[in-house]
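What follows is a set of notes on a single structure, which appears directly below.
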Amino acid sequence: MEPGESATRSGELSVLDQARAVVEPMEQRSDIEMGALDHAQRLLLVHAHPDDESIGTGAVMAKYASEGALVTLVTCTLGEEGEILLPEIEHLAADRDDGLGQHRIEELATAMEALRVTDHRFLGGPGRWRDSGMMGVPSNDRPDAFWQADVDEAVGALVDVIREVRPQVVVTYDPNGGYGHPDHIQAHRVTMAAVDAAARDGYRPEAGESWEIGKVYWSVVPKSFLQAGIDALKDTGQQLFEGVESADDLPFGVSDDEVTTQVDATAHLDAKMAALRAHASQVSVDGPFFALSDKLGRTAFGLEHFRLVRGLSGPGDGPNGWETDLFAGVG
């Protein structure tokens, strides 16, 4: 299946068409033709699969894009091994037609329209590296899996983007990839190595002048936020995760003292939720994610959290002494 084709096998309205119905037509923006350096602020995010960007950083992406920053998203795989939530496209599964990756290209494009992000690339080009699946499954061993990627090649591909865009701020995952997914771990490794390599004068001179990034963040979720979600859904008889009573039981989440930054992007929560709806093969509007957003409200769900691991922190004018702007202190 090629991008642009319907994901259904009938004349019914496709899932993507339904998702687009909740995305306002994209406004004409003068910055589409601008060069990267015409933007005073430039943010690069590296994510493993389509939908990861909207779940963890969608509100922040929408916020900075709306403020005129150049927001560049690099996605490392097409998400071919994802679990399909929609019966009408189950034939696209990896063990059947193996067309989910092409479908998710469309979903991601629709999500980027919702977030008003105009610069999106797949690392090495679409399909260069394949979704590896969860840790320990046979798809990890495929030679084209991102988990098996030649790290030097992947780093080189990302350095090309860094030297073109010249971001002041980079966002990716922590060393465990947030929750242990091999592609998230690999994205962390490649990003951190590329940050260093891009700053070296002798590395890939054909990619352009060296560039030193001012601040590097890992996207994180505070355990206090997770616990609030668990408790809120419990009151309604629902569960955020089956059998989980405490945030300490989850394989992800960090203590509040590991968080350095909280960005209030509540004004852009509608854009984030529209982006999530665009990823309909992976995210259910009837699932706990949307139930949680309704229960906790806009203020809580429009806040996104990060850990600063390179560069100097800005003013700690947020709760817990956290900084509130990814670009704070960047010249």
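Heavy-atom basis, side chains included; hydrogens, waters and symmetry copies ignored.
- For the atom pair OG1 (Thr191) and CG (Leu45), the distance works out to 10.0 Å, reported to the nearest 0.5 Å.
- Heavy-atom minimum distance, Ile230 versus Glu245: CG2-O, 3.6 Å.
- Linking Ile, Leu, Val, Met, Phe, Trp and Tyr whenever their side-chain heavy atoms come within less than 4.5 Å leaves Leu250 and Val220 in two separate clusters.
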Exercise. Run the side-chain contact (heavy atoms from CB on, under 4.5 Å) check on Arg104 and Ser281 step by step: do they pass?
Worked result: CA-CA 8 Å; Arg104 294 184 74 178; Ser281 71; 4.1 Å; yes
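- Sorted by first and then second residue, the salt bridge (charged side-chain N to carboxylate O under 4.0 Å, His left out) pairs with a member in residues 134-150 read Arg142-Asp144; sequence neighbours excluded.
- If you take CH2 on Trp129 and CG on Leu123, they are separated by 5.0 Å, rounding to the nearest 0.5 Å.
- For Gln186 against Phe146, the heavy-atom pair with the smallest separation is NE2-O, 2.9 Å.
- Contact check for Met61 versus Met112: side-chain heavy atoms found under the 4.5 Å cut-off.
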For this session: List the steps and the verdict of side-chain contact (heavy atoms from CB on, under 4.5 Å) for Arg310 and Ile213.
Result: CA-CA 9 Å; Arg310 302 273 185 95; Ile213 291 161; over 6 Å; no
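- Counted by atom type alone, Asp119 and Thr72 present one or more donor-acceptor pairs between their side chains at under 3.5 Å.
- For the pair Ser132/Asn140, a side-chain contact is recorded, criterion being any heavy-atom separation below 4.5 Å from C-beta on.
- Checked by atom type and distance alone, the side chain of Arg163 never pairs as donor or acceptor with a backbone atom of Ala207 at under 3.5 Å.
- For Gly202 against Pro205, the heavy-atom pair with the smallest separation is O-CD, 3.8 Å.
- Side chain of Glu80 to backbone of Asp131: a donor-acceptor contact under 3.5 angstrom is found.
- Using a 4.5 Å cut-off on side-chain heavy atoms (C-beta onward), Trp211 and Val165 make no contact.
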Problem set entry | Chi angles and distances behind the side-chain contact (heavy atoms from CB on, under 4.5 Å) call for Lys272, Ser54 | CA-CA 6 Å; Lys272 176 174 180 173; Ser54 298; 5.6 Å; no
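- Residues His49 and His184 are in side-chain contact: their nearest non-hydrogen atoms beyond the backbone lie under 4.5 Å apart.
- Hydrophobic clustering places Leu108 together with Leu78 (ILVMFWY residues linked when any side-chain heavy atoms are closer than 4.5 Å, directly or through intermediates).
- Val190 and Trp218 end up in the same hydrophobic cluster when Ile, Leu, Val, Met, Phe, Trp and Tyr side chains are linked at under 4.5 Å.
- For the residue pair Ile84 and Ala93, the shortest heavy atom distance occurs at CD1-N, 3.5 Å.
- With contacts defined as side-chain heavy-atom distances shorter than 4.5 Å, the pair Met134/Tyr179 qualifies.
- In this structure, CG on Asp317 lies 4.0 Å from OG1 on Thr324, to the nearest 0.5 angstrom.
- Counting non-hydrogen atoms of neighbouring residues, nucleotides and ligands closer than 6.0 angstrom, the CD atom of Glu83 reaches no more than 12 such neighbours.
- Looking at heavy atoms from C-beta onward, Phe252 lies out of side-chain contact with His181 at the 4.5 angstrom threshold.
- Qualifying side chain to side chain contact (heavy atoms under 4.5 Å, CB included) partners for Glu323, counting only residues two or more places apart in sequence or in other chains: Lys215, Tyr217, Thr261, Leu308, Ser313, Ala328.
- A donor-acceptor pair under 3.5 Å is formed between the side chain of Glu53 and the backbone N or O of Asp51.
- Linking Ile, Leu, Val, Met, Phe, Trp and Tyr residues whenever their side-chain heavy atoms come within less than 4.5 Å places Val151 and Val159 in a single cluster.
- Salt bridge annotation for Arg121-Asp160: absent, with no cationic side-chain nitrogen under 4.0 angstrom from a carboxylate oxygen.
- Partners of Glu67 by side chain to side chain contact (heavy atoms under 4.5 Å, CB included), not counting sequence neighbours, listed by chain and number: Lys63, Tyr64.
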Exercise. Does the pair Glu81 and Arg130 meet the rule for a salt bridge (charged side-chain N to carboxylate O under 4.0 Å, His left out), with working shown?
Worked result: CA-CA 8 Å; Glu81 298 290 331; Arg130 184 182 173 92; 3.0 Å; yes
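- Annotation: side chain of Val60 is in contact with side chain of Phe306 (closest heavy-atom distance under 4.5 Å).
- In this structure, CG on Leu100 lies 7.0 Å from CD on Glu107, to the nearest 0.5 angstrom.
- Surrounding CD of Glu212 are at most 12 heavy atoms belonging to other residues, nucleotides or ligands under 6.0 Å away.
- A 6.0 Å sphere centred on CG of Leu37 holds more than 12 heavy atoms belonging to other residues, nucleotides or ligands.
- Under the 30°/60° scheme for interplanar angles, the aromatic rings of Phe122 and His120 are found to stand perpendicular.
- Under a hydrophobic clustering in which Ile, Leu, Val, Met, Phe, Trp and Tyr are joined whenever their side-chain heavy atoms come within less than 4.5 Å, directly or via other members, Leu70 and Leu326 fall into different clusters.
- Remark: Leu73 CG to Thr118 OG1 distance equals 11.5 Å, nearest 0.5 Å.
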Distance-only donor-acceptor pairs under 3.5 Å for side chains of residues 168-176, two or more places apart:
residue: Gln168; atom: OE1; partner: Arg42; partner atom: N; Å: 2.6
residue: Gln168; atom: NE2; partner: Ala40; partner atom: O; Å: 2.7
residue: Thr172; atom: OG1; partner: Val46; partner atom: O; Å: 3.3
residue: Tyr173; atom: OH; partner: His47; partner atom: ND1; Å: 2.9
residue: Tyr173; atom: OH; partner: Ala48; partner atom: N; Å: 2.9
residue: Tyr173; atom: OH; partner: Asp52; partner atom: OD2; Å: 3.4
residue: Asp174; atom: OD1; partner: Asn176; partner atom: N; Å: 3.1
residue: Asp174; atom: OD1; partner: Gly177; partner atom: N; Å: 3.0
residue: Asp174; atom: OD1; partner: Gly178; partner atom: N; Å: 2.8

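- Put simply, CG on Leu85 and CD on Glu90 are 9.5 Å apart, with the number rounded to the nearest 0.5 Å.
- When all heavy atoms of Leu115 and Ala271 are compared, the pair lying nearest together is CD2-O, 3.6 Å.
- The side chain to side chain contact (heavy atoms under 4.5 Å, CB included) test applied to Asp201 returns Ser210, not counting sequence neighbours.
- For the pair Asn320/Gln262, no side-chain contact is recorded, criterion being any heavy-atom separation below 4.5 Å from C-beta on.
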Exercise. Given His279 and Ile55, is the side-chain contact (heavy atoms from CB on, under 4.5 Å) satisfied, shown in steps?
Worked result: CA-CA 10 Å; His279 291 293; Ile55 293 171; over 6 Å; no
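- For the residue pair Ala114 and Ala274, the shortest heavy atom distance occurs at CB-CB, 3.9 Å.
- Glu304 contributes a side-chain N or O that, together with a main-chain N or O of Gly58, makes up a donor-acceptor pair within less than 3.5 Å.
- Under the ring-ring contact (aromatic ring centres under 6.0 Å, His included) criterion, His305 pairs with Trp322, not counting sequence neighbours.
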